[in-house]
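Have a look at the structure below before the remarks.
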Amino acid sequence: MEAQDNPDELDRAALARCRAGDPDGLAALYRAWAPKVYGLALRTLRRRDAAEDVVQDTFLQVHRGAAGFRGESRVGSWIYAIALNACRMRLRGERRAPLPLERAEDLAAPETPDPSGALDRALATLDAPTRELLLLSAHGHSYDDIAGLLGLGADQVRGRLYRARRVLLERLQESGS
Amino acid sequence: MNEPRPALQHESDATSCLEIADALQAYADGIAETVTREQVEAHTRACPRCAVELDKLRALMRGLAAWGEVPPPPELWGRIARATVPAAAPLTLRGMLAVVLLTVYDLELAQHTRERGDARLREGGHHDALAGIAAGVLAVISVFGNLAFGLPWTALVALPLLWLASTRLEQHWRTADAAMALALAAFAGLGLEAARWSQALAAPPLALVGALTALAVLQGLGAPQLRPLVLGGWRVPIAARTGALCLFGVLLARPDLVGALAVAPVAAGALAAAGVAWRTRHRRAA
């Protein structure tokens, strides 16, 4: 695979430009990762304003920390780690509990291809760590990457992920979707 | 999703379905090993229930992928981009000390040029002299504004004022010292302004300030060939003193610019060599 086709190589090149003070570097990282970071934050925190703050905090921290990135992990994993931390700090501060099914319609993003909101409602009944796990898997992270991000073992990740998907399927079946 | 489940034909079918449940997930994730993949494919061909489960799982994963990626509001990038522009220097004790320091230099300079220029003033040309002083003061104030308050574009405002000040003062006081000092102050401000975008941009103007400071140090150490050193009619001692004060003021206000100022020794060396060469040629011509 050519360097320019490898997503992580592209991210590293963008980060190097960011480190050199080129604003296009951060813009490239934003284009690649902001939808996933915003999705992660929106689905975890279930508030648009909080999700926007997480995206802003994440990319400002990417900008400030570009010089200190040692390259031991993928750039995407590093960005996710920052975003996850930002979400958790907000959750810790707000002490939000999972909403009951009926109130999840308020949080459905209009862009989601789930017009009935069934998936939103089902996910809203899960706790934040489970939603995090499902999102990270949905965004294409390997079990090892997820294990590193969440501080779990790979087997733990696999077991929790499989259980979470089964629970989600059952909730969707209960709601008639 | 509410299809009736087909009845199991044999007890071994249930065992197989239970065994294959986790393998289905690994298969859907695309990480199943070859043997497992073959087992799943063979089982789902024979077991409609598991085939349906696999389809549901894949649909769920597609739904989660789409659900988890949401374009942020378009205006969010603008907020982030603006926040990454280097912030204006906040008003700090350091910044205020820098203002005081540069004010002291300004007063010293004014004292020096007044002593030298009184005779000329008595001969006439008050209006131009006053215009030059006013322009010079405004130029310096605009640089102070950058140093202490981080007001944008102050150095660029200072440049036309500097030109006005230097031409008026030079004409009526026959000295380029004031112009040189004001130029150094403007260069310092320009460097601070440029540093908002890039320390590389800030390096040349700040290097000029640092270079003249280094020359003052060399002169103080008694390098005879540098005395007296005149650069384009501007005497180094006053300019170097001004430069030293400017540099110290800049460092007080913005210590993060130390990196940009690191090129000063290199520039100082080059400038000193050029000055020596010029001086030598000037002596020969004389």
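Residue numbering restarts at 1 for every chain, and letters A, B, ... go by the order of the sequence lines.
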For [X] and [Y], indicate whether the former's side chain and the latter's backbone hold a donor-acceptor pair under 3.5 Å.
X: A/D8; Y: A/V75; answer: yes
X: A/T125; Y: A/A122; answer: yes
X: A/R47; Y: A/L42; answer: no
X: A/T58; Y: A/V54; answer: yes

Winner by heavy-atom pair count (cut-off under 4.5 Å) against chain B, out of A/L136, A/V37, A/L135:
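Most heavy-atom pairs within the cutoff with chain B belong to A/L135.
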Establish, from distance only, whether the side-chain atoms of A/R163 and A/T130 form a donor-acceptor pair under 3.5 Å.
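Judged by distance alone, the side chains do not pair up.
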When you compare the side chains of B/E69 and A/Y38, does any donor N or O come within less than 3.5 Å of an acceptor on the partner?
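Absent: no donor and acceptor within the cut-off.
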Counting only heavy atoms closer than 4.5 Å, note whether A/Y162 contacts chain B via side chain, backbone, both or neither.
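Its backbone and side chain both get close to chain B.
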Need one label for A/A27: side chain, backbone, both or neither, based on atoms under 4.5 Å from any heavy atom in chain B.
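Both the backbone and the side chain of A/A27 come within 4.5 Å of chain B.
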Looking at every heavy atom in both A/R165 and A/S137, which two are closest together, and how far apart are they?
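Closest approach of A/R165 to A/S137, heavy atoms only: NH2-OG, 2.9 Å.
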Could you tell me which residues in residues 141-160 of chain A have at least one non-hydrogen atom under 4.5 Å from a non-hydrogen atom of chain B, sorted by residue number?
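Only A/Y143 of residues 141-160 of chain A have a heavy atom under 4.5 Å from chain B.
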Side chain from CB out, backbone as N, CA, C, O: work out which of these in B/L76 comes under 4.5 Å of a heavy atom of chain A, or both, or neither.
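Both parts, backbone and side chain.
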Is it the backbone or the side chain of B/A59 that comes under 4.5 Å from a heavy atom of chain A, or both, or neither?
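Looking at B/A59, nothing touches chain A.
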How far apart are the C-alpha atoms of A/L126 and A/L123, what are their side-chain angles, what is the distance that settles it, and do they pass the side-chain contact (heavy atoms from CB on, under 4.5 Å) test?
CA-CA 5 Å; A/L126 302 176; A/L123 283 158; 4.0 Å; yes
